Amino acid sequence: MDNPDPILPETIARLYRSLYRVRRIEERVAAIYPTDRIKSPVHLSIGQEAVAVGICDLLRADDIVSGTYRGHATYLAKGGDPKAMLAEMFGKVGGCARGKGGSMHLVGLDQGILGCSAVVGTNVPVAAGYALALKRRRRGQVVAVFYGDGASEEGCVYETLNFAALHKLPILFVCENNFFAIHEPLHRRWAADQLTERVATFGMPAKRITSGDIFEIRDAASGLIAAMREGGGPAFLECHTYRWREHVGPAEDYAAGYRSRADMEDWERRDQVARLAALLPDAERQQIDAEIEAEIEAAVAYAEASPFPAAEELHAHVFA
Amino acid sequence: MDNPDPILPETIARLYRSLYRVRRIEERVAAIYPTDRIKSPVHLSIGQEAVAVGICDLLRADDIVSGTYRGHATYLAKGGDPKAMLAEMFGKVGGCARGKGGSMHLVGLDQGILGCSAVVGTNVPVAAGYALALKRRRRGQVVAVFYGDGASEEGCVYETLNFAALHKLPILFVCENNFFAIHEPLHRRWAADQLTERVATFGMPAKRITSGDIFEIRDAASGLIAAMREGGGPAFLECHTYRWREHVGPAEDYAAGYRSRADMEDWERRDQVARLAALLPDAERQQIDAEIEAEIEAAVAYAEASPFPAAEELHAHVFA
Amino acid sequence: MSSPDTVVSTATRSLRYVDALREAVAQEMQRDDDVFCFGLDVDDHKAIQGSTQGLLEAFGPERCFTTPLSEDAMTGVAIGAAMAGMRPIHVHIRMDFLMLCMNQLVNMAAKAHYMYGGSVKVPMVVRSMIGKSWGQGAQHSQGLHAMFMHVPGLKVVAPSNAYDAKGCMIAAIRDDNPVIFMEHRLLYPIEAPVPEEPFTVAFGRARHMRRGSDITIVGISNMAVECLRAASLLEEVGLSVDLIDPVSLVPLDMETIIASVARTRRLLVVDNAWVSAGAGAEIAAQVAEQLGGSGPLSIRRMGFAPTTCPTTPALEAHFYPNPLTIAKTAHALAGGSAGWEPDPERARLAYQQAFKGPF
Amino acid sequence: MSSPDTVVSTATRSLRYVDALREAVAQEMQRDDDVFCFGLDVDDHKAIQGSTQGLLEAFGPERCFTTPLSEDAMTGVAIGAAMAGMRPIHVHIRMDFLMLCMNQLVNMAAKAHYMYGGSVKVPMVVRSMIGKSWGQGAQHSQGLHAMFMHVPGLKVVAPSNAYDAKGCMIAAIRDDNPVIFMEHRLLYPIEAPVPEEPFTVAFGRARHMRRGSDITIVGISNMAVECLRAASLLEEVGLSVDLIDPVSLVPLDMETIIASVARTRRLLVVDNAWVSAGAGAEIAAQVAEQLGGSGPLSIRRMGFAPTTCPTTPALEAHFYPNPLTIAKTAHALAGGSAGWEPDPERARLAYQQAFKGPF
Ligand SMILES: Cc1ncc(C[n+]2csc(CCOP(=O)(O)OP(=O)(O)O)c2C)c(N)n1
Ligand SMILES: Cc1ncc(C[n+]2csc(CCOP(=O)(O)OP(=O)(O)O)c2C)c(N)n1
Ligand SMILES: [Mg+2]
Ligand SMILES: [Mg+2]
């Protein structure tokens with residue numbers, strides 16, 4: 001990695017805080033899961049945090065993110081409220097979607113988080129539509145849309161890339177390539193590993209980042225986003241990353257045989273949470289850790305305490 | 001154009017016959033149209049014949065083509081019966097679809113013509129499915145699928161390219177780029193004029209032919225198809241061409257202002273029908289012309305004479 | 001501006017359905033900067049049969065623009081723009097093409113407000129036109145409103161005259177929900193008196209096109225017009241028709257229909273679509289649920305033949321209900337003498353005659 | 001092998017629904033080289049909950065393979081392969097995802113045989129599973145069969161037990177038309193006696209799950225199982241239920257339903273889907289059309305609440321019909337004393353109990 005600007009200590013601390021928060025909240029979710037209080041499929045981002053965190057670090061409060069059913073990291077990195085997230089997963093009325101959306105449909109418009117979708121790829125054109133509106137508003141806002149390597153195969157994603165480039169929409173496409181769609185490896189789904197090259201043919205800057213390095217991701221996005229705010233149009237990043245847990249659910253699944261633990265270990269060695277922890281002075285790190293742990297306790301307590309929605313809520317929100 | 005092999009006289013004659021047949025049948029359709037005997041939208045290929053004719057010239061009888069609502073050229077070039085085509089457009093029971101499909105849904109399985117579709121892009125994955133079956137049969141058969149520059153924007157077409165390359169299907173994708181979808185020019189629909197480059201990223205040979213030259217088209221396809229028969233997988237050709245008439249209907253529409261007659265005239269100068277006519281000995285050409293004219297007379301007479309389907313036919317063919 | 005019974009309009013100006021659509025959109029774009037109109041070919045010289053004519057000139061290419069052939073993603077774009085507070089009108093020249101957008105319409109547009117706990121709204125209009133005749137055939141002729149009626153979260157409207165076209169369009173644009181706006185190509189040239197100023201026609205209020213006592217006929221979209229012709233043929237033989245145009249299918253004004261059938265005990269629903277699990281099935285089922293217990297009830301549905309639409313006019317003639325078949329069916333349902341049928345010449349399809357309203 | 005009344009089976013072997021599906025496909029792939037099975041994740045170790053387990057090993061990757069996430073094009077691929085004489089089985093782990101393929105299913109698969117004048121056939125099976133509970137929510141829980149019932153040219157089947165699952169699957173594979181095969185996730189573990197040898201269950205013949213005289217209940221897909229439980233609760237209070245599982249929705253055996261309602265004059269349709277313009281609307285409308293004229297008729301439909309499906313169990317509990325609400329509704333419809341309701345404990349959802357057949 002080539003990293004011209006020296007990284008400021010406060011940047012490291014900020015990124016670490018965000019990474020650690022995502023990691024620990026998800027670990028907590030995984031721990032709670034077997035108790036069946038979360039009656040919701042959970043798709044953990046553990047191992048993949050650096051992509052969302054690195055990119056969201058560059059976003060303004062009035063920028064927008066759009067994520068998927070594997071959206072915990074996106075939600076949290078953009079400032080989503082862990083209380084509302086946990087309560088949502090518990091099906092409680094204090095949840096960000098009042099318990100109606102669950103883990104796959106996190107949302108937080110106040111923090112610029114467009115609702116996540118459980119139908120792969122669907123969020124991508126919706127995010128572009130939001131970007132169209134932002135472009136009309138001319139306030140320099142941008143959208144970052146996250147989606148998987150599997151989603152990149154859906155027709156509507158190609159269609160969106162063309163449209164976004166044609167209309168110079170302020171949108172950063174971020175493909176989180178974790179090499180798998182559920183248990184299916186890339187080579188059973190991609191004719192060629194040239195996604196980034198393909199996206200470039202729509203006439204937008206497109207870059208592949210294979211290291212998983214949060215600084216490299218952040219640096220790459222930084223220039224693209226700055227240009228975008230000036231009307232430069234969309235850009236694309238393919239970020240290699242790795243999902244450490246099973247596709248859905250709290251456990252590891254290396255025994256299943258569809259991928260090898262060695263691959264994961266390779267990524268584990270590059271773990272950005274551990275890496276940034278090591279870059280911080282001990283005391284500062286401990287302070288951050290303690291704050292996060294307290295935040296998580298509060299979030300779980302909030303989720304537990306929040307009531308279930310009343311039966312009448314079933315019929316609310318069908319129409320606006 | 002660079003054309004290493006000398007072109008045999010019989011090749012010229014064969015291509016001319018096919019080109020002239022398409023051109024004249026469509027001119028006849030245009031002439032009949034105002035009489036309202038064709039109660040069907042007609043999308044003429046006049047000016048675009050060289051693409052279908054050049055490629056179909058390389059196909060075996062047991063190969064397959066798939067075309068669009070602008071499918072007269074494809075249908076005829078692959079050996080479709082003008083009688084059945086005309087009768088179809090007249091809504092007669094002697095039509096290739098018994099009058100149920102009309103101009104936009106020509107079909108001829110006996111000649112290897114998969115049914116045409118009026119929903120843009122739909123025929124492309126269907127053609128790939130047929131190619132999948134041909135691959136399983138291992139008889140060296142191939143599919144050539146034709147579609148427009150507009151169709152290339154549909155998500156299912158990208159999806160199909162990926163799948164075809166992944167499974168090394170014996171299918172030649174032919175994009176007939178006539179620069180317009182109805183009245184909308186490329187620059188309002190394509191972010192970048194890099195379709196061929198984009199398709200190449202799926203890992204298949206991809207070539208753009210801008211001349212409209214039938215020999216160049218045929219030559220380019222020839223090697224690709226030969227490789228395909230050996231299991232080499234799919235290939236792609238983008239062929240620039242020009243629609244001389246209005247999008248739908250028999251007339252010219254240069255007065256409408258969305259394109260200029262000068263552009264058409266540029267293509268008219270390269271007209272392959274006239275070009276090949278000039279390459280043939282006069283007597284031979286006259287002989288061919290006369291045969292075609294007779295064929296057309298017979299086809300129109302057949303269409304006129306064929307009865308309308310009986311009312312009971314309405315309920316036939318809902319289920320096989 | 002309107003009541004379910006009569007159009008309370010002092011308008012003397014007659015407008016074609018297509019121009020009413022255009023005027024509604026233009027006025028709303030004038031009123032609200034967040035309204036925009038996009039979709040394949042909205043900005044070309046044909047302007048969707050004229051229904052988007054002048055929008056590009058008046059409001060510029062940022063607010064009236066064509067798209068790539070990418071219906072699925074463009075629907076997502078409309079949804080996203082709507083979530084951001086804009087009010088997109090997405091135009092499709094055929095309703096058949098909505099099949100390309102079903103995922104976004106059904107899984108996102110219909111559900112977003114609910115599954116995000118009320119935190120977002122999706123105020124968008126999906127205009128789509130139904131084609132008919134001259135070889136439109138299998139893929140250019142479908143009325144697929146029933147699919148949208150099936151999914152909670154979508155509104156569905158199908159105005160049958162120029163007045164309602166304008167009023168419903170303005171209401172649809174101002175509605176905070178996704179509205180599927182169904183138009184019929186053959187209604188476009190038909191004129192009716194339409195006020196010049198903007199007005200809304202409220203959804204969920206059926207329109208009584210005729211008052212009668214012998215049989216209730218519900219006519220959907222352009223079938224309302226065909227039914228009107230059938231009703232006048234029936235009148236000549238002494239059958240009085242209570243003719244109802246639901247105008248909007250979601251919400252659906254069952255009250256008006258139920259009240260009518262409670263009087264007539266006879267219901268014929270004529271739809272511009274297939275019958276099976278269609279709009280007519282819903283109307284018939286609700287009527288049966290609410291009135292079936294109280295005595296005999298005669299119910300029939302008409303619609304497309306249960307086949308794909310053929311192109312040849314020889315078969316297409318039998319594919320659609322028409323004033324003759326509607327009148328015959330209603331006559332038989334009302335216990336009329338067997339074998340009656342109106343003079344075919346006088347029962348020509350309504351759209352072949354200039355339709356002038358008012359009603 | 002089967003009659004509409006009883007399963008004529010000497011099978012003593014019990015099989016789970018999911019294994020019946022698997023066995024049917026395996027036997028057909030064995031019998032006919034042209035049958036193949038593809039779709040996202042059919043070849044992974046989870047094998048679509050086990051329903052495609054072993055196919056890869058037995059038939060190799062040419063005949064059992066996953067796909068890219070490209071449902072729309074993959075549906076086109078199935079259609080094209082079918083036109084070429086193969087018999088694809090295209091698997092979707094959720095029915096909601098069929099919204100991505102509507103264009104190919106509605107505009108191509110349903111229409112090809114007709115619009116090409118009978119010159120091609122499209123023998124394909126589209127398997128799709130309905131999810132329920134544990135937070136499936138808005139986009140993983142829909143039963144969308146009504147949309148397919150609406151379009152001529154598609155067959156639609158929804159077996160509710162392992163015997164029918166196997167017999168219908170074999171019939172679907174051998175059928176020369178596109179067949180939408182609807183499965184319910186919660187039926188997968190339920191066992192029934194299933195013959196080992198291949199057999200077909202003919203489409204268009206409803207199954208009488210119980211004979212009774214007071215009320216006709218039609219239960220669709222897994223709702224048939226819930227209705228069975230409701231029927232036994234009703235029996236305890238002296239109400240005898242004629243319980244019908246239509247098995248296939250297109251073709252639909254209205255004869256059996258009509259004959260039943262002609263006796264009981266009471267109909268309750270319970271669907272695993274929304275009610276509006278749904279399968280229940282079609283059944284209710286046909287019953288009303290055919291029997292409404294001859295006297296009073298009591299009709300009700302039940303199905304999903306008219307809302308998007310919420311994830312929280314607190315609301316989801318009210319979203320679906322269940323044996324308790326079914327029994328209550330039937331009881332009221334049959335004129336039972338007001339306010340009756342079964343012991344909630346005894347009315348637990350049927351799938352939470354081992355269901356053993358035979359019926
Ligand atoms: C349209 C659609 N098809 C299939 C599925 C089932 N499914 C859920 S997640 C998933 C894999 C997606 O892979 P990718 O986009 O790479 O995201 P990842 O899970 O790896 O983060 C699939 C196939 C779905 N939810 N939506
Ligand atoms: C899915 C779909 N969208 C829109 C249309 C309307 N339409 C018919 S032809 C056409 C243009 C297609 O352009 P292209 O693919 O370039 O083919 P060309 O007509 O130029 O041969 C459009 C938009 C359609 N038939 N199908
Ligand atoms: Mg992935
Ligand atoms: Mg074109």
Side-chain angles (χ1 to χ4, degrees), chain B residues 64 66 84 88 93 95-102 104-110 113-119 121-137 141 143 145 154-164 166-167 169 171 309 313 315-320, chain D residues 33-34 36 38 61-63 65-88 90 100-101 103-124 151-155 175-179 203-204 250-251:
Chain B
I64 296 288
S66 165
E88 187 58 38
V93 78
C96 57
R98 303 184 68 80
K100 288 178 161 176
M104 303 198 286
H105 302 295
L106 299 180
V107 64
L109 270 295
D110 290 344
I113 303 158
L114 262 181
C116 299
S117 170
V119 183
T122 27
N123 65 315
V124 178
V126 173
Y130 211 104
L132 181 80
L134 295 186
K135 186 182 178 207
R136 302 284 186 264
R137 269 188 220 150
Q141 292 160 279
V143 175
V145 57
E154 290 284 1
C156 75
V157 175
Y158 295 101
E159 292 179 353
T160 304
L161 290 163
N162 181 43
F163 181 78
L166 182 68
H167 284 264
L169 301 185
I171 180 167
E313 278 251 0
H315 295 279
H317 307 309
V318 176
F319 289 108
Chain D
D33 273 352
D34 281 326
F36 68 99
F38 78 126
E62 271 210 349
R63 296 183 61 200
F65 55 96
T66 192
T67 69
L69 277 83
S70 303
E71 286 86 349
D72 185 13
M74 292 308 102
T75 305
V77 164
I79 294 168
M83 286 179 174
M86 301 192 77
R87 294 186 172 270
H90 188 198
L100 288 147
C101 329
N103 183 46
Q104 287 290 341
L105 291 174
V106 170
N107 287 329
M108 291 299 295
K111 296 177 170 45
H113 185 63
Y114 194 95
M115 79 183 169
Y116 301 131
S119 65
V120 295
K121 293 177 194 165
V122 185
M124 64 189 269
V151 181
L154 299 173
K155 295 191 178 178
D175 201 290
D176 274 342
N177 300 283
V179 180
F203 299 162
V250 178

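In this text the structure is predicted, and so the values were computed from the model without any measurement. Chain naming here is simple, since letters A, B, ... match the order of the sequence lines and numbering starts at 1 in each.
Contact annotation for B:Leu169: neither backbone nor side-chain heavy atoms come within less than 4.5 Å of a heavy atom of chain D. Only the backbone of D:Leu154 comes within contact range of chain B, with at least one heavy atom under 4.5 Å from a heavy atom of that chain. Only the side chain of D:Met108 comes within less than 4.5 Å of a heavy atom of chain B; its backbone N, CA, C and O stay farther away. For D:Asp72, the parts lying near chain B are the backbone and the side chain together; criterion is any non-hydrogen pair under 4.5 Å. Looking at B:Leu114, the atoms closer than 4.5 Å to chain D (heavy atoms on both sides) all sit in the side chain, from C-beta outward. The part of B:Val119 that comes within reach of chain D is its side chain, from C-beta onward, which places non-hydrogen atoms under 4.5 angstrom from that chain. Contacts of D:Lys155 with chain B are made by both backbone and side-chain atoms, with heavy-atom separations under 4.5 Å. Contact annotation for D:Glu62: both backbone and side-chain heavy atoms come within less than 4.5 Å of a heavy atom of chain B. With a threshold of 4.5 angstrom between heavy atoms, D:Val151 does not approach chain B through any atom at all.
Distance check: D:Met83 CE to B:Tyr130 OH gives 9.5 Å after rounding to the nearest 0.5 Å. Atom SG of B:Cys156 sits about 13.0 Å away from atom CD of D:Glu71, to the nearest 0.5 Å. Atom CZ of D:Phe203 sits about 10.5 Å away from atom CZ of B:Phe319, to the nearest 0.5 Å. Of the inter-residue distances, the one linking B:Arg137 atom CZ with D:Asp33 atom CG reads 12.5 Å to the nearest 0.5 angstrom.
Proximity of a side-chain donor or acceptor of D:Tyr116 to a complementary backbone N or O of B:Gly115 within less than 3.5 Å is detected.
Note on ring orientation: taking the six-membered ring where Trp is involved, the planes of B:His317 and D:Tyr114 are perpendicular (angle over 60°, cut-offs 30° and 60°).
Per-residue heavy-atom pair counts under 4.5 Å with chain B were compared for D:Asn103, D:Thr75, D:Asn107, and the maximum is reached by D:Asn103. Chain D forms more heavy-atom pairs under 4.5 Å with one residue of B:Gly95, B:Gly99, B:Ser66, B:Cys116 than with any other, namely B:Cys116. Ranked by non-hydrogen atom pairs under 4.5 Å with chain D, the options B:Gly102, B:Gly101, B:Ala316, B:Gly129 are led by B:Gly129. Counting heavy-atom pairs under 4.5 Å between each of D:Arg63, D:Met86, D:Lys111 and chain B puts D:Met86 at the top. Interface check for chain D: of the options B:Ser117, B:Gly121, B:Ala118, B:Ala128, the most heavy-atom pairs under 4.5 Å are formed by B:Ser117. Of the listed residues (B:Arg136, B:Arg98, B:Glu88), the greatest number of heavy-atom pairs within a distance under 4.5 Å of chain D belongs to B:Arg136.
The shortest heavy-atom contact between D:Gln104 and B:Val126 is OE1-CG2, 3.5 Å.
Considering only heavy atoms from C-beta on, B:Leu132 comes within 4.5 Å of D:Phe36 through its side chain. Counting heavy atoms from C-beta outward, D:Met115 and B:Lys100 have side chains that stay 4.5 Å or more apart.
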